[in-house]
Amino acid sequence: MYDSLVFPAGDTVEGRVAESWEVSDDGLSYTFKIKPGIKFHNGSELKASDVKFSMDRMLTIGEGYAYLWVDIIESVEAPDDTTVVFNLKETMGSFLNTLIRLSILSEEEVLANKKDGPYGEFGDYGKAYLVTNDAGSGAYKAVDLVQQDYFYAEKNPDWFMGWSNGLAPESFKMMAITEASTVRTMMNNRELDITDQWQSSETLSALEKIEGVEIGRFSTDLLYNMYYNNKLAPMDDVNFRRAMSSLIDYDTIVNSIFIDSVKSTSPVPKGVAGHVDTNVLSYDIEKAKEYLAASKYADTYKDYTIEIVCNSDVADLEKVALMIQSAASEVGINIEISKAPWVSIIDRVGSIDTTPHMLAINSAPSYDEAGSYLESRYHSKTAGTWEQGEWLENEELDAKIEDAIKTLDQTERFNKYAEIQNYIVDELYPSAYLCDLTERVAYQKGYLTWPAVEPPSSGGVASALNGYLHIFSNMELHLDKK
């Protein structure tokens with residue numbers, strides 16, 4: 001529904017709304033030229049002032065991807081209709097990459113639909129309106145949203161990128177359906193074209209037996225972490241955390257539970273630029289006993305009950321928890337498994353006291369660079385959010401991350417990322433790294449061409465940044481085959 005200045009293109013970016021750009025010698029000023037003639041869905045022309053408005057809005061509201069820029073951007077200028085300038089407070093080597101996350105809104109439409117709110121003359125900045133409407137210029141435009149039910153959008157015939165793909169869907173509908181039996185029935189009746197990626201391995205196996213249905217495999221650089229609450233005894237001891245990490249059968253996870261996934265080798269997913277392999281632990285019960293003996297809880301760990309919380313919306317997570325529980329019982333660690341929906345999990349990680357000992361959550365980088373993942377997962381500013389259930393609050397680590405992100409030279413920046421990844425594993429071991437997740441969905445390949453899940457010629461699985469998999473304008477819907 002929205003366009004951005006730049007768009008992901010492998011390990012770099014290409015212009016989308018931006019026609020060209022220049023970076024000042026000191027790395028503190030980025031000047032973009034805007035393509036003329038781009039129309040918003042309401043018919044008004046996209047101008048540099050809309051880009052400025054969109055970023056100013058993000059910085060003021062401070063939610064979502066705003067964390068990428070609130071500490072970095074000093075000001076945004078729009079000296080004319082086709083020029084926008086970002087002035088930074090300090091250097092950020094990957095600033096250009098972050099702009100894939102700046103959705104450009106129509107200032108005119110947002111302000112025409114603002115309500116009373118906390119942002120002075122801007123009211124609520126259009127937040128209420130944008131829950132059920134869009135103010136973008138993208139390939140599709142919002143038509144209808146029913147909360148907890150569905151979202152429906154239709155093709156924008158005036159999209160500035162054009163419609164050379166004559167078989168792209170005229171519309172799409174995203175539905176809030178997770179019940180396996182409903183999914184199977186709808187797929188069998190050709191009423192559902194693509195499932196979500198959280199169906200169990202058993203459900204996906206059943207769906208694959210339906211004529212025309214195949215399993216699409218892809219990576220959005222998700223890493224499944226087992227968060228350890230580093231402030232909660234006995235998880236506050238690094239050797240106890242290492243012991244728990246040695247009780248996880250990673251091979252079973254990637255071969256039988258999250259099938260086609262890959263064992264993680266670092267706190268940063270393999271596909272992310274700047275990843276390096278580190279000394280992550282493997283399944284080894286004898287090694288776990290050694291770590292327990294070296295911990296400050298060597299004589300008392302059996303007095304504790306370790307809580308593992310599973311997201312009740314993801315069936316396969318309970319299998320992981322049961323496997324860990326079984327291995328832990330062999331060394332005398334007591335584990336209690338509980339389940340909770342996602343909304344409850346978000347509430348629980350909001351404070352140290354309610355965050356469980358162990359919690360499995362996957363997370364992805366906002367842009368294709370290790371600094372993105374390291375900042376969102378391990379910097380103190382994300383403690384108390386779903387992205388960091390460890391409560392690290394480590395000033396030395398914060399300083400390392402901040403310094404790396406500021407570094408302009410890519411080689412030097414990537415070397416610093418490598419140092420940080422090794423520091424996290426060798427000194428802190430705050431989490432267990434379950435797997436680099438290969439996501440799997442069932443889809444109607446008999447009549448739907450979906451390039452994003454087609455394996456690359458080099459082998460392996462298709463890869464796209466999180467949020468860039470469902471590019472409906474690239475799909476082909478062959479209704480004559482349905």
Side-chain angles (χ1 to χ4, degrees), residues 223-248 250 253 264 267-268 280-281 288 291-292 294-298 300-314 317-318 320-325 327-329 331-363 373-398 401 423-435:
L223 193 160
Y224 241 125
N225 306 274
M226 180 63 78
Y227 294 169
Y228 297 146
N229 184 342
N230 286 217
K231 296 293 195 295
L232 188 64
M235 287 295 179
D236 58 346
D237 182 87
V238 66
N239 281 312
F240 188 87
R241 298 195 295 270
R242 288 175 175 141
M244 287 305 309
S245 299
S246 300
L247 294 171
I248 300 174
Y250 303 95
I253 289 174
S264 298
V268 172
V280 295
L281 296 169
Y291 284 128
L292 285 173
S295 77
K296 66 181 180 181
Y297 297 102
T300 59
Y301 70 85
K302 293 182 180 180
D303 298 335
Y304 292 88
T305 297
I306 306 300
E307 183 190 16
I308 301 180
V309 172
C310 300
N311 184 343
S312 57
D313 298 323
V314 184
L317 284 178
E318 188 175 9
V320 175
L322 289 168
M323 183 178 65
I324 297 172
Q325 184 184 54
S329 68
V331 297
I333 296 176
N334 303 309
I335 288 187
E336 178 182 274
I337 299 171
S338 56
K339 294 193 288 187
W342 179 242
V343 65
S344 298
I345 288 172
I346 292 175
D347 287 341
R348 286 201 60 176
V349 297
S351 72
I352 293 173
D353 294 339
T354 58
T355 301
H357 293 91
M358 299 173 65
L359 173 64
I361 290 182
N362 65 72
S363 50
Y373 198 86
L374 293 168
E375 181 182 28
S376 63
R377 278 286 291 114
Y378 298 106
H379 195 283
S380 294
K381 63 184 175 182
T382 64
T385 72
W386 68 269
E387 289 198 275
Q388 189 195 138
E390 293 93 345
W391 291 95
L392 290 179
E393 299 178 310
N394 183 306
E395 292 182 0
E396 182 179 355
L397 179 57
D398 291 349
I401 293 171
Y423 173 76
I424 289 171
V425 169
D426 296 340
E427 303 296 329
L428 306 177
Y429 224 96
S431 328
Y433 312 106
L434 302 182
C435 66

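Numbering starts at 1 and runs along the sequence shown. All heavy atoms count here, side chains included; hydrogens, waters and symmetry mates do not.
Checked by atom type, the side-chain pair Thr355/Asn229 shows no donor-acceptor distance below 3.5 Å. Tyr429 and Ser245 share no donor-acceptor pair across their side chains, judged by distance under 3.5 Å alone.
Side chain of Gln388 to main chain of His379: a donor-acceptor pair is present (N/O by atom type, distance under 3.5 Å, no hydrogens or angles). With hydrogens and angles ignored, the 3.5 Å screen pairs a side-chain donor or acceptor of His357 with a backbone N or O of Ala233. A donor-acceptor pair is defined here as one N or O able to donate and one able to accept, closer than 3.5 Å; no such pair exists between the side chain of Lys296 and the backbone of Pro234. Side chain of Asn311 to main chain of Pro341: no donor-acceptor pair is present (N/O by atom type, distance under 3.5 Å, no hydrogens or angles). Within the 3.5 Å criterion, the main-chain N or O of Trp391 finds a donor-acceptor partner in the side chain of Lys231. Side chain of Asp236 to backbone of Asn230: no donor-acceptor contact under 3.5 angstrom is found. In terms of modelled atom types and a separation under 3.5 Å, the side chain of Arg348 and the main chain of Val309 share no donor-acceptor contact.
The shortest distance between side-chain heavy atoms of Leu232 and Ile352 does not fall below 4.5 Å. Under the 4.5 Å side-chain criterion, counting only non-hydrogen atoms from C-beta, Arg377 is not in contact with Ile424. Taking the side chain as every heavy atom from C-beta outward, Met244 and Tyr228 approach each other to under 4.5 Å. Residues Val331 and Tyr291 have side chains not in contact (no heavy-atom distance under 4.5 Å, counting atoms from C-beta outward). When side chains are defined from C-beta on, Val238 does not count as touching Leu428, because their heavy atoms never get closer than 4.5 Å. When side chains are defined from C-beta on, Cys435 does not count as touching Tyr250, because their heavy atoms never get closer than 4.5 Å. With contacts defined as side-chain heavy-atom distances shorter than 4.5 Å, the pair Thr385/Val349 does not qualify.
In plain terms, the two heavy atoms of Trp386 and Asn362 that are nearest each other are CZ3-O, 3.6 Å. The minimum heavy-atom distance linking Ser380 with Glu393 is given by the pair OG-CA, 3.1 Å. Ala321 approaches Ile308 most closely through the heavy-atom pair CB-CG2, 3.9 Å. The minimum heavy-atom distance linking Arg241 with Pro430 is given by the pair NE-CA, 3.9 Å. Considering all non-hydrogen atoms of both residues, Ala360 and Leu434 come closest at CB-CD1, 4.3 Å. In terms of heavy atoms, Pro267 sits closest to Tyr373 at O-CE2, 2.9 Å.
Ala294 pairs by the side-chain contact (heavy atoms from CB on, under 4.5 Å) definition with Asn239, not counting sequence neighbours. Take Ser351 and apply the side chain to side chain donor-acceptor pair (under 3.5 Å) test, not counting sequence neighbours, and it matches Thr354. Asp313 meets the side chain to side chain donor-acceptor pair (under 3.5 Å) test with no other residue; sequence neighbours excluded.
Note that CD1 of Ile333 and CG of Leu292 are 4.5 Å apart. Values are rounded to the nearest 0.5 Å. For the atom pair Ile248 CD1 and Ile324 CD1, the distance stands at 4.0 Å (nearest 0.5 Å). Here the OG-CG distance, from Ser431 to Asn225, works out to 5.5 Å after rounding to the nearest 0.5 Å. Residue Ile253 holds its CD1 atom at 7.0 Å from CE of Met226, rounded to the nearest 0.5 Å. With rounding to the nearest 0.5 Å, the separation of CG in Asp398 from CD in Glu375 is 10.0 Å. Here Ser312 contributes atom OG and Leu317 contributes atom CG; the two are 10.0 Å apart, rounded to the nearest 0.5 Å.
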- Message: Walk me through whether Ser338 and Glu307 qualify under side-chain contact (heavy atoms from CB on, under 4.5 Å).
- Response: CA-CA 7 Å; Ser338 56; Glu307 183 190 16; 2.9 Å; yes
- Tell me, with the steps shown, if Tyr378 and Glu390 meet side chain to side chain donor-acceptor pair (under 3.5 Å). CA-CA 8 Å; Tyr378 298 106; Glu390 293 93 345; 5.0 Å; no
- Query: Hey, mind stepping through Ile306 and Phe240 against side-chain contact (heavy atoms from CB on, under 4.5 Å) and telling me if it holds?
  - Reply: CA-CA 11 Å; Ile306 306 300; Phe240 188 87; 4.1 Å; yes
- Task: Show the numbers, then the answer: is there a side-chain contact (heavy atoms from CB on, under 4.5 Å) between Glu336 and Gln325?
- Result: CA-CA 8 Å; Glu336 178 182 274; Gln325 184 184 54; 5.9 Å; no
- Task: Would you please test Val314 and Tyr224 for side-chain contact (heavy atoms from CB on, under 4.5 Å) and show each step?
- Result: CA-CA 12 Å; Val314 184; Tyr224 241 125; 4.0 Å; yes
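In the displayed structure, Lys381 atom NZ is contacted under 6.0 Å by more than 12 heavy atoms of other residues, nucleotides or ligands.
Ring pair Tyr297/Tyr304 is perpendicular by interplanar angle, where above 60° counts as perpendicular and below 30° as parallel.
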